[in-house]
Chemist: 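Mind having a look at this structure? Questions to follow.
The structure displayed is predicted, hence computed values, not measured ones. Any value given below was found using the heavy atoms of this structure, including those in side chains, with hydrogens, waters and symmetry copies removed. Throughout, protein chains are lettered first and strands after them, A, B, ... in sequence-line order, and every chain is numbered starting at 1.
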Number of protein chains: 2
Amino acid sequence: MSIETEHHDRPLRADAERNRTKILDAAAKVFAEQGLDATLDEVAAAAGVGVATVYRRFPDKDALIGALFDNAVDEIANLASVAPSRGNSWDALVWFLEEALQRQCANRGLREVVVGSTYALDRIEAVKCRIAPAIDLLVERAQSDGYLRTDVVGADFPIMEMMISFLGNMTATVAPDLWRRYLTIILDGLMVSRGAPSALYVVPVDTMLGEALRSAHRHARRSL
Amino acid sequence: MSIETEHHDRPLRADAERNRTKILDAAAKVFAEQGLDATLDEVAAAAGVGVATVYRRFPDKDALIGALFDNAVDEIANLASVAPSRGNSWDALVWFLEEALQRQCANRGLREVVVGSTYALDRIEAVKCRIAPAIDLLVERAQSDGYLRTDVVGADFPIMEMMISFLGNMTATVAPDLWRRYLTIILDGLMVSRGAPSALYVVPVDTMLGEALRSAHRHARRSL
DNA sequence: CGATATATGGAGGAAGTCATTCCACTTACG
DNA sequence: CGTAAGTGGAATGACTTCCTCCATATATCG
């Protein structure tokens with residue numbers, strides 16, 4: 001079932017198909033960087049086409065966003081399903097968190113779709129129903145194997161992911177991997193017990209942390 | 001140096017002074033709940049006065065926000081200064097984090113002022129210069145006393161606070177204390193080593209976590 | 001090559017939001 | 001009771017953003 005309104009049997013003209021791809025690429029880039037508030041004019045400009053061309057291909061903004069993020073959201077949902085095959089139950093959980101966060105931290109639009117948007121609400125809801133049991137399984141296994149503290153539940157994890165990816169989005173341009181630093185700290189807090197702390201992601205220059213804050217300041221209008 | 005433009009020697013008329021207070025109270029409430037994007041019309045409505053009355057008292061929105069948050073921001077800066085007197089160096093650090101977060105989590109406007117706003121930029125900058133050394137001191141003492149892992153630096157803490165208060169603001173209406181749960185996890189991750197995990201803030205019903213997410217969804221338009 | 005359906009761009013309409021102002025009216029206070 | 005001070009809320013104007021129109025351009029096929 002295509003998302004586009006007019007789906008002919010006839011294929012798109014060659015140049016039109018080229019433009020469609022350019023639009024999707026540009027939209028992915030723009031929404032990842034600026035979030036869903038980005039204008040379709042901005043997307044069009046980034047694609048090197050006019051706005052009308054975007055609207056000819058996608059009935060409205062929601063449809064474009066839907067087409068873009070369906071895959072991405074679904075991919076994250078899948079991560080939880082395939083994680084158990086990744087080493088022991090602790091490693092599986094960590095692997096899932098890292099993979100999911102890597103995607104959400106590099107993509108502001110993705111976080112916004114998952115957390116807050118009214119875009120494709122029903123579809124997101126369906127994904128959530130699928131992802132929750134998979135996370136529960138990861139969590140329960142890591143707990144019964146004695147790795148993960150037993151006072152957390154599956155639902156804690158999407159919340160922690162949201163928290164971290166907020167930071168990730170905020171500092172994406174200045175220090176794209178800064179979030180790993182805090183994920184490590186949180187993971188150290190999630191273990192049942194431990195001796196020495198795990199190695200943190202090292203930030204090249206100490207002052208870069210301050211720079212990250214200042215950058216957030218600059219881009220604030222669009223993020224909050 | 002007053003913030004208001006017209007500061008007469010003459011005191012305000014009694015009813016005007018009453019209204020000024022009503023406006024400040026209402027603004028505090030509205031900005032805390034909705035963030036700085038709230039309209040001055042909303043503030044006026046909450047105060048039970050007309051917009052013009054707000055403008056008669058404060059030259060513009062920035063001035064109102066400045067008047068409101070100067071104290072709050074300053075108060076947080078002070079927390080870092082007085083923290084050392086609170087028990088040992090670990091307890092001092094924890095006390096500071098809890099107190100600061102309690103304020104930021106209950107007040108969306110406050111986080112927005114600190115993180116991102118263009119409101120009273122210079123003043124915020126000054127506060128930052130004052131707060132950074134105080135935090136560094138807390139951190140260094142907790143490290144040299146062997147409580148706090150030595151691979152974190154002072155600048156990590158504002159970042160973690162931001163992360164947590166983002167969550168706090170998001171879930172403020174559904175579960176106002178939910179953030180404490182994740183602060184505990186992070187604190188457990190910040191200790192040099194530990195045996196059993198610390199007791200988490202317990203959420204009454206398990207499903208409330210999901211409810212928090214759904215609520216975020218609902219209020220998304222205003223938060224992102 | 002030339003006919004024609006398809007595709008295009010970017011100006012601009014329409015609808016909204018929100019900070020701020022104006023002014024006819026009201027109220028406190030000496 | 002006179003008047004300076006204060007007030008409400010409609011109106012203004014400067015945005016922003018989604019989306020459509022249509023004159024022009026281009027691919028495709030006989």
Chemist: Show me the protein contacts with nucleotides 26-30 of chain D, counting only N or O atoms at under 3.5 Å.
Modeler:
from	atom 1	to	atom 2	distance (Å)
D/dT26	O2	A/Arg13	NH1	3.1
D/dT26	O2	A/Arg13	NH2	3.2
D/dA27	O4'	A/Arg13	NE	3.4
D/dT28	OP1	A/Ala14	N	3.1

Chemist: Sub-3.5 Å donor-acceptor pair from the side chain of A/Asp156 to the main-chain atoms of A/Val153, do we have one?
Modeler: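 Judged by distance alone, yes, a pair lies under 3.5 Å.
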Chemist: For B/Asp41 and for B/Asn19, find the nucleotide of DNA chain D with the closest heavy atom, then tell me which residue's nucleotide is more 5'.
Modeler: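 It is B/Asn19, whose closest nucleotide lies nearer the 5' terminus.
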Chemist: Taking side-chain hydrogen bond (donor to acceptor under 3.5 Å, both in side chains) as the test, write out the residues that go with A/Asp188, two or more places apart.
Modeler: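 By the side-chain hydrogen bond (donor to acceptor under 3.5 Å, both in side chains) rule, A/Asp188 matches A/Ser198, B/Arg149.
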Chemist: Report the residues that fulfil side-chain hydrogen bond (donor to acceptor under 3.5 Å, both in side chains) with B/Glu99, sequence neighbours left out, ordered by chain and then residue number.
Modeler: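 Here the qualifying residues are B/Arg103.
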Chemist: Can you list the residues that meet the side-chain hydrogen bond (donor to acceptor under 3.5 Å, both in side chains) rule with B/Asp15, with sequence neighbours excluded?
Modeler: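 With neighbours one apart ignored, the set is B/Arg13.
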Chemist: To the nearest angstrom, how far is A/Arg20 atom CZ from C/dT8 atom C1'?
Modeler: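 Rounded to whole Å, this separation is 17 Å.
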Chemist: Taking atom P of C/dA7 as reference, at what distance in whole Å does atom CZ of A/Phe58 sit?
Modeler: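 After rounding, the reported distance stands at 14 Å.
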Chemist: What is the separation between atom CD1 on A/Ile23 and atom C1' on C/dG9, rounded to the nearest whole Å?
Modeler: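 The distance from CD1 of A/Ile23 to C1' of C/dG9 comes to 12 Å, rounded to the nearest Å.
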Chemist: Tell me the interatomic distance from A/Asp60, atom CG, to D/dT20, atom P, rounded to whole angstroms.
Modeler: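 Rounding to the nearest Å, CG of A/Asp60 and P of D/dT20 are 9 Å apart.
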Chemist: Whole Å only: how far is the CD atom of B/Glu17 from the P atom of C/dC29?
Modeler: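 Rounded to whole Å, this separation is 12 Å.
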Chemist: Does OP1 or OP2 of C/dA7 have a side-chain N or O of A/Thr53 closer than 4.0 Å?
Modeler: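 Answer no for this pair, as no side-chain N or O of A/Thr53 is under 4.0 Å from OP1 or OP2.
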Chemist: Whole-Å distance between C/dA7 C1' and A/Arg57 CZ?
Modeler: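 Roughly 7 Å, once rounded to whole Å.
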Chemist: Any base atoms under 4.0 Å from B/Ala16, or only sugar-phosphate, or nothing? Heavy atoms, all strands.
Modeler: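 Answer is sugar-phosphate: B/Ala16 comes under 4.0 Å of backbone atoms only.
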Chemist: Give every residue pair that meets the salt bridge (Lys or Arg N to Asp or Glu O under 4.0 Å) criterion with at least one member in residues 159-179 of chain B, sequence neighbours excluded.
Modeler: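 Listed by first then second residue: B/Asp177-B/Arg180.
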Chemist: A/Gln34 has an atom CD; how far is it from atom C1' of D/dT17, in whole Å?
Modeler: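 About 14 Å, once rounded to whole Å.
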Chemist: Checking B/Val127 now: which residues fulfil side chain to side chain contact (heavy atoms under 4.5 Å, CB included) with it, not counting sequence neighbours?
Modeler: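 By the side chain to side chain contact (heavy atoms under 4.5 Å, CB included) rule, B/Val127 matches B/Val73, B/Asp74, B/Ala77.
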Chemist: If you only use heavy atoms from C-beta on, which nucleotide in C/dT20, D/dG9, D/dC18 is closest to the side chain of B/Tyr55?
Modeler: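 It is C/dT20.
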Chemist: When A/Asn169 is tested against each of A/Glu33, A/Arg111, A/Arg108 for side chain to side chain donor-acceptor pair (under 3.5 Å), which residue passes?
Modeler: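 The single option meeting the side chain to side chain donor-acceptor pair (under 3.5 Å) with A/Asn169 is A/Arg111.
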Chemist: How close or far is atom P of D/dT17 from atom CG of A/Leu64, stated in whole angstroms?
Modeler: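 To the nearest whole Å, that distance equals 16 Å.
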Chemist: Under 4.0 Å from OP1 or OP2 of C/dG9: is there any side-chain N or O of A/Arg56 that close?
Modeler: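 No, outside the criterion.
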Chemist: From the options C/dA7, C/dG9, D/dC19, select the nucleotide whose nearest atom is closest to the side chain of A/Lys61.
Modeler: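 Comparing C/dA7, C/dG9, D/dC19 against the side chain of A/Lys61, the answer is D/dC19.
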